[in-house]
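Throughout, protein chains are lettered first and strands after them, A, B, ... in sequence-line order, and every chain is numbered starting at 1.
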Amino acid sequence: MSTSLLSGLNPPQLQAVTLPHQSALILAGAGSGKTRVLTTRIAYLISTGEVSPQGILAVTFTNKAAKEMVMRLSAMLPINTRGMWIGTFHGLCNRLLRAHYREANLPQTFQILDSADQLSAVKRVMKALNVDDEKFPPREMQHFISASKEQGLRAHEVEAYDPYTRRKVEVYAEYDAQCQKEGVVDFSELLLRCHELLVRNTALREHYQQRFKHILVDEFQDTNPLQYQWLKLLAGKNNSLFAVGDDDQSIYAFRGAHVGNMQDLLRDFNVASVIKLEQNYRSHGNILDAANALISNNRNRMGKKLWTSEQGGEKLRVYEAPTDVEEADFIVNEIAHLKSEGMSLSEIALLYRSNAQSRVLEHALVSKGLSYRVYGGLRFFERQEIKHALAYLRLMENTDDDNALLRVVNFPTRGIGARSIEQLQEAARINNTTLFDAAARAGGKVAGFVGLIESLKSSTQNLPLPEIIDHVLVHSGLIAHYQNETGAKKREAEERLENLKELLTAATLFVHENEDDSLTSFLTHASLEAGEHQAGDQEDALHLMTVHAAKGLEFNAVFITGLEEGLFPHQNSQRVDGGLDEERRLMYVAITRARRRLYMSFAQRRMLNGQVNYGVPSSFLHELPDDMLQWLSPRAMQRNPFEAFGYATPAPSRSPFAPAGEGLGEKGVGWRVGQRVMHQKFGEGVVTNTEGGGKDGRVQVNFKHAGSKWLALEYAKLETL
DNA sequence: CGCACGTGGTTTTTT
DNA sequence: ACCACGTGCG
């Protein structure tokens, strides 16, 4: 093999890459070359003849990461990466289920429900079962089902000791039955079904166990219990599981990720030693030291301390603004300055804890004329018009897909109203068929719809994919529908038409890039890679995104905004066990995105949910060593940080948020927002909000140690400070 | 059928 | 403040 493959690796990286055939856990810190290690290991295994490309199974969480891996691998080795099993958990499970659809008891053209599809499917089940959606909010129901599946539990396996849970289990069971009848699977079902297939089918399991000698997993800290079970099953007794992850960057517990999988892996696979990648190639020393200091406040870490040869660097800049608007102004000015110094906008990121915070920032950016791009939000394949188009295509593939039928049976409107649909559903229920079957037996306009689908099917047979879609767009009436929009909706309709055109482009591209260019394959692509298709990122633009979305990225300059107690760390995290630790990891992720310059800012007052909120600076700021910080605003943290943050002086009576002459936050409760108070049990704090008056009055107090709490004035004994 | 108005919710999210 | 969703009316 070529020695160049391994050159430039540091000792632990080299050790990881060249490990013998054994299971391993690689604890890879931020910016420590994790992806490089992963891809180089694959290249190493193949080029030494240890394993053939077919014997590799490499799993990631996102399509982006999978693509990156494939790209780097093809650059390293002169092999055809097509056909290699490198992909997301969902993508790989899909592949397996498609290959063995009969054994998995699925139709060949089974469709994949995204979250929105799943929600409407849940709602339909609940309606059919007469479930009170006040007592059982559909969203919660959906979460219950997904969460159960991610634990590897079918409805009958869920422990239900109370009537409430039993009812949910009932819905879960019926939901699964409905999906089975309609030939659709949701995201977690892909994994669970695949797992069950391998558990039950010994021959199949052994076949894949024989095949995948080396299994490699990226971002292992984000795996949920079902994903871990799946990996364990495929690894069997003889294969090696090479897991790369960072417990300090585990920020997805809220959606079922189980960091404990890292410890479990050590035990289940008898991992002899954990290899730590601690040399960071991304950030300057100060940034790294600050991150280390912050994360050292977490308990139960596997233990890891990043270091860099790039010692020192700039201090971390901290800015306190009176209001969120002024915070945004400061940031925008700072960015304009950086730009004038030659930094390109795309090298700068603006991070926030929650999406709502982007509004103020965007406003400031627009007025300053700086181009930016907000990441996250509505994805291409999730747009209404695209979903409509896909629904027609799905129905053509699989007429049992009731979700798809309901979406387009009367869109564009063809006179099939709520009444006709109810009749259809009733007929389907009585005869135990799907809606399309019921529709096929109906007359009138419904029959017309059935005819439309049949004619779309027959007239597009053997056409290439883009032509199929083009035909459907025209003959479904979608194009005409949007073309006929006038008045207020005209602009919106034009954009939708653009997107439909873009769908054709996406299909053309898909045909070029994929060997399997069937409609089923394209529909799967649309479900599993909803976000991949994004237009317009050529321009040099700032990156605006949540901290979550920033994981895995890096920038020369990073702004972490809204560093206020209750926002970041977020209020709701207090209710969750280990919530604060996860918030701290989130902050750790945020800090470690920066290469050279890091700004952290907060505001004294902020408009939140239509209300003025008075915040105190994030406790995370206190956890950063003073000597690494450079304060850009007058108010500095000195001997007693809390002292510096309290609002000993009354808040000004005029603020951007308060009409002139009115006392701030004065609602008759007798406490003023900004007032420092003492509570017998919770100690020192600052009033951040008030509500009601007299006996019913409540105040929100942000306590120094106990966090933020709402207190009923009737009971709370508060004293002024 | 489509619009107008009212109501509730509001952390993070990939697949 | 804002948005998404649901209901009721023309």
Is the charged tip of [X] near the ring of [Y]: under 6.0 Å from the six-membered ring centre and within 45° of its axis?
| X | Y | result |
| --- | --- | --- |
| A/Arg98 | A/Phe110 | yes |
| A/Arg255 | A/Tyr252 | yes |
| A/Arg407 | A/Phe411 | no |

Would you please confirm or rule out a distance under 4.0 Å between OP1 or OP2 of [N] and any side-chain N or O of [X]?
| X | N | result |
| --- | --- | --- |
| A/Asn609 | B/dT10 | no |
| A/Thr413 | B/dG2 | yes |
| A/Lys64 | B/dT15 | no |

Considering only nitrogen or oxygen atoms on both sides, find all protein atoms under 3.5 Å from nucleotides 2-4 of chain C and state each distance.
from, atom 1, to, atom 2, distance (Å)
C/dC2, O3', A/Arg359, NH2, 3.4

All N/O contacts under 3.5 Å from nucleotides 12-14 of chain B to the protein, with atom names and distances to one decimal?
from, atom 1, to, atom 2, distance (Å)
B/dT12, OP1, A/Asn355, N, 2.6
B/dT12, OP1, A/Asn355, ND2, 2.8
B/dT12, O4', A/Arg353, NH2, 3.0
B/dT12, O2, A/Arg353, NH2, 2.5
B/dT13, OP1, A/Thr546, OG1, 2.7
B/dT13, OP2, A/Asn355, ND2, 3.4
B/dT14, OP2, A/Arg379, NH1, 3.2

Exercise for the section: Using a cut-off of strictly less than 4.0 Å between a heavy atom of the residue and any atom of DNA chain B, enumerate the qualifying residues of residues 243-250 of chain A by number. Expected result: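 The answer is none.
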Item to complete: Could you label the plane-to-plane angle of the A/His548 and A/Phe254 rings as parallel, tilted or perpendicular, counting under 30° as parallel and over 60° as perpendicular?
Response: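 Ring orientation, 0 to 90° scale: perpendicular.
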task: Anything under 30° is parallel, anything over 60° is perpendicular, the rest tilted; go ahead and classify A/Tyr392 against A/Phe449.
output: tilted
Presence of salt bridge, [Y] and [X], under 4.0 angstrom:
| X | Y | value |
| --- | --- | --- |
| A/Arg585 | A/Asp246 | no |
| A/Asp248 | A/Arg301 | yes |
| A/Arg193 | A/Asp176 | no |
| A/Glu492 | A/Arg496 | yes |

Using the [atom1] atom in both, what is the distance from [N] to [M], to the nearest Å?
| N | M | atom1 | value |
| --- | --- | --- | --- |
| C/dA4 | B/dT13 | P | 16 Å |
| B/dT11 | C/dG6 | C1' | 25 Å |
| C/dC5 | B/dT12 | P | 16 Å |

Q) For A/His570 and A/Gly415, take the nucleotide of DNA chain B holding the closest heavy atom to each; which residue's nucleotide lies nearer the 5' end? A)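 Going by which nucleotide is closer to the 5' end, it is A/Gly415.
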Under the salt bridge (Lys or Arg N to Asp or Glu O under 4.0 Å) rule, what do A/Asp114 and A/Lys387 come out as? Steps first, then yes or no, please. CA-CA 11 Å; A/Asp114 69 14; A/Lys387 294 277 280 183; 2.5 Å; yes
Contact class for A/Lys551 (heavy atom, under 4.0 Å): base, sugar-phosphate, or nothing?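 The answer is nothing, as A/Lys551 stays clear of every strand by at least 4.0 Å.
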Q. Can you check whether A/His258 and A/Tyr228 have ring centres sitting under 6.0 Å from each other?
A.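 Not close enough - the centres of the two rings lie 6.0 Å or further apart.
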